[in-house]
Protein chains: 2
Amino acid sequence: MHATIRDVAAHSGVSIATVSRALNTPELLNAETLAKVRESIEALDFMPSARGRQLRGVRTRLVGVIVPTLANPVFAESLQGIDEAASASDYRLMLMTTAYDSARERRAIETLREQRVDGLIATVADAESNPLLDELDRIHLPYVLAHNDTVRRAAVSVDNRRAARDGVFALLQRGHKRVLMLAGSFAESDRARLRYRGYENAMLDAGLTPYAPLEMDFNAEELPPSLLAHLSDPLRRPTALFCSNDRLAMIVIRGLRHAGLSVPGDISVLGFDGIPLGEWLSTALSSVATPNREIGRHAWLRLAKQLGLPGDPDDALDPIAFKLPHSVRIGATIASYIEPAARMAALEPENPA
Amino acid sequence: MHATIRDVAAHSGVSIATVSRALNTPELLNAETLAKVRESIEALDFMPSARGRQLRGVRTRLVGVIVPTLANPVFAESLQGIDEAASASDYRLMLMTTAYDSARERRAIETLREQRVDGLIATVADAESNPLLDELDRIHLPYVLAHNDTVRRAAVSVDNRRAARDGVFALLQRGHKRVLMLAGSFAESDRARLRYRGYENAMLDAGLTPYAPLEMDFNAEELPPSLLAHLSDPLRRPTALFCSNDRLAMIVIRGLRHAGLSVPGDISVLGFDGIPLGEWLSTALSSVATPNREIGRHAWLRLAKQLGLPGDPDDALDPIAFKLPHSVRIGATIASYIEPAARMAALEPENPA
DNA sequence: CTGAAAGCGCTAACAG
DNA sequence: CTGTTAGCGCTTTCAG
């Protein structure tokens, strides 16, 4: 099948050691010998096998990457960040997806261990009490979690609670008082739970009573009755909705408009994730933006440090968990709240400046 | 570092051959021996090394995947499709991105060859005359192109020309005659060129004169002057725009609205790619949808066939290039063209039913 | 049913 | 400067 180092040696009439040196330390070779060997390499289409090589050394220069899905742009971006950073250190990625399924997480880790990856970057369903991760600790396989928001393990994420709190605060600052939080499924992600806590914090800090979170189906065409019920009374309905992610926010905006409500005229909407497409909507989506690519990049940097790679000297401090800054992106889906009375007045024909 | 088969053998007092059998052909072992060995495996956290194993056999059960970027949802979806299908056959993915750069393409292929991947799935900048691919042919490394639309090599894609033609035809069917095509950059992709040819075909078939394509910057905040010039005269401007991809379409819609034009009231817009988010816009994006996940899946299936894997018996035929069906998704960004006269009439106060 | 031993492709002493 | 040789972790005859 493939030419081996032995074939090249035979072809050029030298020993395999010389061929190996031609590959790894060409400066140690006689120019003529080197040329001769290189010719044979060309002629035979020889390409040294990383397998054979890695069998000796400890390092494989392979990183395992485990993400739930690539359908979510958040993870695609993050993977992009990992890829860019790891490539720069001449590391290769081995990708596995899990669909948030713990059986698949287990298989992914097994596979990656068999492949002798030097380390792992993973986004898991449950970061806190996770036997799989405990096992990684036990066998000393370096890993870094990405997006998982925990202090118990090496992780890179935003501070989801604070990010959500800041986002909701931006709504409250604009005069909103009745802010409702919508979430996909809390079961799926610890992150959604942390975001709800952030929402609670912001409401309580402002002396307001948080609503219970409203879980809704991600793929529904229509807004769920539970939400519609909330919206029926124009004078008491929420004036702003905080959605636990951008996809949900887009679905909700569409549903609200179908229901005859204007965004942000009648109701403001804030998402979470800051997916790039959101900015390109005709009504730019307001969102708590997370630096996904940076999360990926930093996950790699932390792993690289665990692996003892050179690395930038400027990332000195090394807390176990690593929080990257989020930002609240105010687009066009948020308006300041106007008291109904003032709103009426504004509609009067002659309104004094 | 890691426990090896020898450690396990020593720990359980058997030979390494027996441990190997415990792993691969447990049915050949005495139950007690097997149990003993398994205990040792547990105790030592032993995980067989794919490297050692693959050194002997020919197959690595590794596929290399080369895509330009994951920032484009088209490729993220396609990768998802490859991943799902390859995982099902117990193959692992090794991912490399190239940013459409041919030097990176070269390095990616080298790396993957060194890793002894059994085959390659790639999306390249230039599929027709590509020395890298010629070399793959020469060394008999099985590969399948994904998204590249060529008949010269094994490829899975939609028929970009026909897909574009069908999309434009849908516009013409709705009465549009002045249809302009917008593209990101033709240099970047052979696909964009094929789409323009499809646009030309549709126009010529309808007895209309195609406009020259208008290339525009992808990241601009504002519409380019060249486009604005086209839009200045309400009576002669294009009534529909065909954008070579969805991202462009979203940017354009936003720009049009900023410029005071209504979509689809004043002007219709059609995109290409059918990214899922497009359907969730408040004005659902019309688009020529390509089955990206399926493209990934079929790319794997074709590769699997080249690799001699069992595979579904129902994909009998085997043309080199493989075209998957596209579909024209009519959203809310397309309206039927109304003659200016009729339009005036419709605005009259008393309009007979 | 189990063990001994050869060998997969390569690197790294160690000699020469 | 170059060749010889001993493994790296595993599978696979071939004997027993």
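Each chain gets a letter, A, B and so on, in the order its sequence line appears, and its residues count up from 1.
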Degree of bending, the helix from C/dC1-D/dG16 to C/dG16-D/dC1 (end axes from five pairs; round to 10°) = 40°
What pairs of residues pass the ring pair (Phe, Tyr, Trp, His ring centres under 6.0 Å) test when at least one of them lies in residues 56-95 of chain A, not counting sequence neighbours?
-> A/F75-A/H147, A/Y91-A/W300
In chain order, what residues pass the salt bridge (charged side-chain N to carboxylate O under 4.0 Å, His left out) check against A/E114, with sequence neighbours excluded?
-> none
N/O-N/O pairs, protein side and nucleotides 9-13 of chain D side, under 3.5 Å:
| from | atom 1 | to | atom 2 | distance (Å) |
| --- | --- | --- | --- | --- |
| D/dG9 | N2 | B/G52 | O | 3.1 |
| D/dC10 | OP1 | B/S49 | N | 2.8 |
| D/dC10 | OP2 | B/I5 | N | 2.4 |
| D/dT11 | OP1 | B/N24 | OD1 | 3.4 |
| D/dT11 | OP1 | B/N24 | ND2 | 3.1 |
| D/dT11 | OP1 | B/R53 | NH1 | 2.7 |
| D/dT11 | OP2 | B/S20 | OG | 2.8 |
| D/dT11 | OP2 | B/N24 | ND2 | 3.4 |
| D/dT11 | O2 | B/R56 | NE | 3.3 |

Which pairs, with at least one residue in residues 16-52 of chain A and sequence neighbours excluded, count as a ring pair (Phe, Tyr, Trp, His ring centres under 6.0 Å)?
-> none
Apply salt bridge (charged side-chain N to carboxylate O under 4.0 Å, His left out) to B/E128 and list each qualifying residue two or more places apart in sequence or on a separate chain.
-> none
With B/K323 via salt bridge (charged side-chain N to carboxylate O under 4.0 Å, His left out) - residues at least two apart | B/D149
With sequence neighbours excluded, residues passing side chain to side chain donor-acceptor pair (under 3.5 Å) with A/S102 = none
Residue set satisfying salt bridge (charged side-chain N to carboxylate O under 4.0 Å, His left out) with B/R113, at least two apart, ordered chain then number -> B/E135
Sequence neighbours excluded, which residues qualify as side chain to side chain donor-acceptor pair (under 3.5 Å) partners of A/E105?
-> none
Partner residues of A/T98 under the side chain to side chain donor-acceptor pair (under 3.5 Å) criterion, sequence neighbours left out = none
Earliest and latest nucleotide of DNA chain C, 5' to 3', sitting under 4.0 Å from a non-hydrogen atom of chain B?
-> C/dC1 to C/dG9
Carboxylate-amine/guanidinium contact A/D90 A/R92, below 4.0 Å | yes
